[in-house]
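Working notes, structure below.
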Amino acid sequence: MERVAVIDFETTGLSPGHGDRATEIAAVLVEDGKVVARYQSLMNAGMRIPAFITGLTGISDAMVRSAPPAAKVMREVANFVGDTPLVAHNASFDKKFWDAELALIERVRAQEFACSMLVARRLFPQAPSHKLGVLIEFTSLPVAGAYHRALADAEMAASLLVRMEAEICRRYQVADVTHALLRDIQGRPKHALDDCLERYQQTRT
DNA sequence: TGCCAGGCCCTCTTTAGGGCCTT
């Protein structure tokens, strides 16, 4: 697969449209099934962190207060990933924050997102749930660190992605899985996975 | 003061409702 960047945000809440901001970002570059580079930073957006979020993530007001400004971190991580295609677990969430935080530094996203959760729902419909942690356990992948910290979650989403690529190659006898194919799979009705991959096979032979 | 997401996907559907998933 071509190089992709798997990203994960920790935030003060669920919606940048209602004033929520990022508190931490991680991005890992995945190439040939391996993580080849990592970026991770807490970021200070000047927001109080709700107690519930501190309980969930372990990220406190004190940690964020001593972190670099959000604008500096977003410039760094945007430069780090460049125009590499993006992947996130439940990408609709990370896409909202990526676009919102970039807009604050007057930058615009240059690439598409693919969603590891939507692909997993199609590839592993029998999984007990499609939360990242459950899928890591379901696929017997190693836990990379504390859940709900950006780098650990990005690393685990990356390993899940690599596992799913291998599964697609094995199950459908294709040699390569592109970012475009992931987006094709996630955009199709769940029952149409076989149809999608059959057509992909035809384009590669 | 108190409110507060939204896209996906199933079904007892499509003139809708509710669970899942992210923090």
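Lettering follows sequence order; numbering is per chain, from 1.
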With heavy atoms under 4.0 Å as the rule, sort A:Asp20 into base, sugar-phosphate or nothing.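 No contact at all - A:Asp20 keeps every heavy atom at 4.0 Å or more from the nucleic acid.
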Base, sugar-phosphate, or nothing for A:Gly13, non-hydrogen atoms under 4.0 angstrom?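 Base contact.
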I need the residues from residues 134-150 of chain A with at least one non-hydrogen atom less than 4.0 Å from DNA chain B; give them sorted by number, or say none.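 Those residues are A:His148.
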So which nucleotide from [options] ends up closest to the side chain of [X]?
X	options	answer
A:Ser15	B:dG6, B:dT23, B:dA5	B:dA5
A:Leu132	B:dT22, B:dC20, B:dA5	B:dT22
A:Ile53	B:dA5, B:dT23, B:dT22	B:dT23
A:Glu10	B:dT23, B:dA5, B:dC21	B:dT23

So which one's nearest nucleotide on DNA chain B is more toward 5', A:Leu56 or A:His18?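 With A:His18 and A:Leu56 compared, the 5'-side residue is A:His18.
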Look up atom CG in A:Leu160 and atom NE2 in A:His130, then write down how far apart they are to the nearest 0.5 Å.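 Atom-to-atom, A:Leu160:CG and A:His130:NE2 are 10.0 Å apart.
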Indicate the ring-plane relationship of A:Phe113 and A:Trp98, choosing parallel, tilted or perpendicular according to the 30° and 60° boundaries.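 It falls in the perpendicular class, over 60°.
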Measuring to OP1 and OP2 of B:dC8, would you say a side-chain N or O of A:Arg122 lies under 4.0 angstrom away? no
Decide yes or no on side-chain hydrogen bond (donor to acceptor under 3.5 Å, both in side chains) for A:Asp20 and A:Ser15, but give the supporting numbers first. CA-CA 5 Å; A:Asp20 289 320; A:Ser15 176; 5.3 Å; no
